[in-house]
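For this chain, numbers begin at 1 and follow the sequence in order. Only a predicted model underlies this, so the values are computations on that prediction, with no experimental measurement involved.
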Amino acid sequence: MSYGYPTTYSRTRADLRADDRRSYLRELDWVLLIAAIALSVYGAILVWSASRGDQAPLMGDLQYFLKRHLLNAAIGIGLAFLVSRVDYRLMRAYTPVLYVVSFLLLLATYLPGIGVKIAGAQAWLKVPGLGTVQPGEFMKIALILAIAMILAEKRDAESEPRDSDVLQALALAAVPMAYILKYQNDTGTVLIVGTIIVAMVAVSGARTRWVIGMLVGAVVALLVAIQFHLLQDYQVGRLTSFVDPEADPTDASFNVRQAAIAIGNGGVFGRGLFQGSQTQGNFVPVNESDFIMTVAGEELGFIGAALVIVLLGIVVWRGIRIARRADDMFGRLVATGVVAWLSFQAFENIGMNLGIMPVTGVPLPFVSYGGTSMFATWIAIGLLQNVHLRHAE
């Protein structure tokens, strides 16, 4: 009896899998991938330096935060791989489920036993083995997919989204945004999501009045929130401290002043890794996360800080390229949402380090310490690769 046929069939399947792997690796946007990996590795070095003097010794290991950052990056890269392998056009069908689950996770932050309050914000969940996660980061991904799904729904038959589609997209975003602002005191995430919405609506082909209306509405809403004390005092202080850093140097403006001193100390080439007086002296709060750019500026100087900006610029450039080359409106809007998210978050973080943007506590994508942020931004890279891989497929 011959067993040749099963053997041949088995080899054929193996060959097909090998061909699929080779094709996948060949078609990846390697410029985007390498830039994101370089940022994560660079961030690990900066986090290591920032945590050596204060937090790491508390863990009994000077390399604790370095190891955790690299582990978070590795997990994030794995998530990006998984996301890139599932056709984004299939994700469209599961987007409502993802949206609902993400919102439920937001609500779960107030459940006793699993909700965690950090720095005055009830915005984290306790997860065994991972520590704490921030559902707001995953809500960004769910909103990008949900808004893209709605705004792209009628594009095959119409030249532009209907007004009702735009209203539906805004309503979907308004509910989690209001909850995050009111109950989690997270102004930074609200600003980022607002930027994502404006960018996606503009690219969708909606009427210009929608974009103008959203921009004007955002300014009016902020003024009303401040006037009627809808924001916490510390939130108002953070939003206004960059206008006059000298007004209260011991409170809201303290971080801004210390960050400016640290970056000014660095000059062109920096004081050397692990040699920054501000960094190693713990003068800049949370400089392993929110103020990570002060470490680059002080210890590696203008050159070191510029390298971060260049790498981030490459990620944004490749994302724009992927959005422009997408074969369908859904893919174009998903890529646009990711680009708007990463670019504005990077600008906001670097800007608050330089004192030209309000302090909102958002991390620098790929660079800052933080598991949830790292996972979410790498999932964003997976979405970009997904759209890229299926271009003209």
**OP:** Check for a donor-acceptor pair, side chain of E298 on one end and backbone N or O of Q278 on the other, with a separation under 3.5 Å.
**Re:** yes
Subject >> Donor-acceptor under 3.5 Å (T279 side chain, Q275 main chain) >> reply: no
Original post:
Is there a donor-acceptor pair closer than 3.5 Å between any side-chain N or O of T109 and the backbone N or O of Q122?
Top reply: yes
Using a 3.5 Å cut-off and no angle test, enumerate the donor-acceptor pairs between side-chain atoms of residues 66-75 and protein atoms at least two apart in sequence or in another chain.
from : atom 1 : to  : atom 2 : distance (Å)
K67  : NZ     : D61 : OD2    : 3.0
H69  : NE2    : S40 : O      : 3.0
H69  : NE2    : A44 : N      : 3.4
N72  : ND2    : R68 : O      : 3.2

Subject >> Non-hydrogen side-chain atoms of V203 and M200 separated by less than 4.5 Å >> reply: no
Original post:
Tell me, do M91 and N386 make a side-chain contact under 4.5 Å, heavy atoms counted?
Top reply: yes
Subject >> Cationic N near anionic O, under 4.0 Å, D87 to R390 >> reply: yes
**OP:** May I ask you to decide if F291's main-chain N or O and T294's side chain share a donor-acceptor pair within less than 3.5 Å?
**Re:** yes
**OP:** Mind listing the closest non-hydrogen atom pair of G355 and V256 along with its distance?
**Re:** CA-CG1, 3.9 Å
Subject >> Side chain W124, main chain I114, donor-acceptor under 3.5 Å >> reply: no
Original post:
Which value, rounded to the nearest 0.5 Å, describes the distance between L300 atom CG and I45 atom CD1?
Top reply: 8.5 Å
Original post:
So do the side chains of W210 and V201 get within less than 4.5 Å of each other, counting heavy atoms only?
Top reply: yes
Original post:
Which atom pair, heavy atoms only, marks the closest approach of Q258 to V284?
Top reply: O-CG2, 3.7 Å
Original post:
How long is the span from the CZ atom in F302 to the CZ atom in F269, to the nearest 0.5 Å?
Top reply: 10.5 Å
Subject >> Pairwise side-chain contact, M374 with P365, heavy-atom cut-off 4.5 Å (strictly under) >> reply: no
**OP:** Quick one: closest heavy-atom pair of L32 and Q385, and the distance?
**Re:** CD2-NE2, 3.9 Å
**OP:** First locate atom CD1 of I314, then atom CD1 of I34, and finally report the distance between them rounded to the nearest 0.5 Å.
**Re:** 10.0 Å
Original post:
ring pair (Phe, Tyr, Trp, His ring centres under 6.0 Å) with F81: which residues, sequence neighbours excluded?
Top reply: Y24
Original post:
Are the side chains of L125 and V116 in touch, meaning some heavy atoms are under 4.5 Å apart?
Top reply: no
**OP:** For residues N265 and S277, report the shortest heavy-atom separation together with the two atoms involved.
**Re:** ND2-OG, 3.7 Å
**OP:** Please examine the side chains of V362 and L191, heavy atoms only from C-beta on, and report whether any two atoms are closer than 4.5 Å.
**Re:** no
Original post:
Can you tell me how far the CZ atom of F138 sits from the CD1 atom of I379, to the nearest 0.5 Å?
Top reply: 5.5 Å
Original post:
Under 4.0 Å between a Lys/Arg side-chain N and an Asp/Glu carboxylate O for R207 and D163?
Top reply: yes
Original post:
Looking only at side chains, do E288 and S368 share a donor and an acceptor under 3.5 Å apart?
Top reply: no
Subject >> With L104 via side-chain contact (heavy atoms from CB on, under 4.5 Å) - residues at least two apart >> reply: V100, L107
Original post:
Do the non-hydrogen side-chain atoms of V31 and W317 ever get within less than 4.5 Å of each other?
Top reply: yes
Subject >> Flag, side chain of T189 to backbone of D186, donor-acceptor distance under 3.5 Å >> reply: no
Original post:
Sequence neighbours excluded, which residues qualify as ring pair (Phe, Tyr, Trp, His ring centres under 6.0 Å) partners of F347?
Top reply: none
**OP:** Tell me, please, which residues at least two apart from L172 pass side-chain contact (heavy atoms from CB on, under 4.5 Å).
**Re:** Y99, A146, I150
**OP:** Report the residues that fulfil salt bridge (Lys or Arg N to Asp or Glu O under 4.0 Å) with E137, sequence neighbours left out, ordered by chain and then residue number.
**Re:** K140
Original post:
Hey, is the main chain of F366 close enough, under 3.5 Å, to the side chain of Y42 for a donor-acceptor pair?
Top reply: no
Original post:
With distance as the sole criterion, is a donor-acceptor pair present between the side chains of Y88 and D328 under 3.5 Å?
Top reply: yes
Original post:
Taking D29 as the fixed residue, which of R318, R321, H388 is the one that meets the side-chain hydrogen bond (donor to acceptor under 3.5 Å, both in side chains) rule?
Top reply: R318
**OP:** Starting at CG of L170, measure out to CD1 of I147 and round the result to the nearest 0.5 Å.
**Re:** 7.5 Å
Original post:
Nearest 0.5 Å, what's the CD1-OG1 distance between I192 and T360?
Top reply: 6.5 Å
**OP:** List the atom of E348, the atom of P358, and the distance in Å for their closest heavy-atom pair.
**Re:** OE2-O, 2.5 Å
Subject >> E299 side chain vs F274 backbone, donor-acceptor pair below 3.5 Å >> reply: yes
Original post:
Do the side chain of N349 and the main chain of D290 share a donor and acceptor less than 3.5 angstrom apart?
Top reply: yes
Original post:
Taking all non-hydrogen atoms of both residues, which atom of A380 and which atom of W341 are closest, and how far apart?
Top reply: CB-CZ3, 3.6 Å
Subject >> Backbone N/O of G276 and side chain of R271: donor-acceptor pair under 3.5 Å >> reply: no
Subject >> Charged tip of R92 within 45° of F330 ring normal and under 6.0 Å >> reply: yes
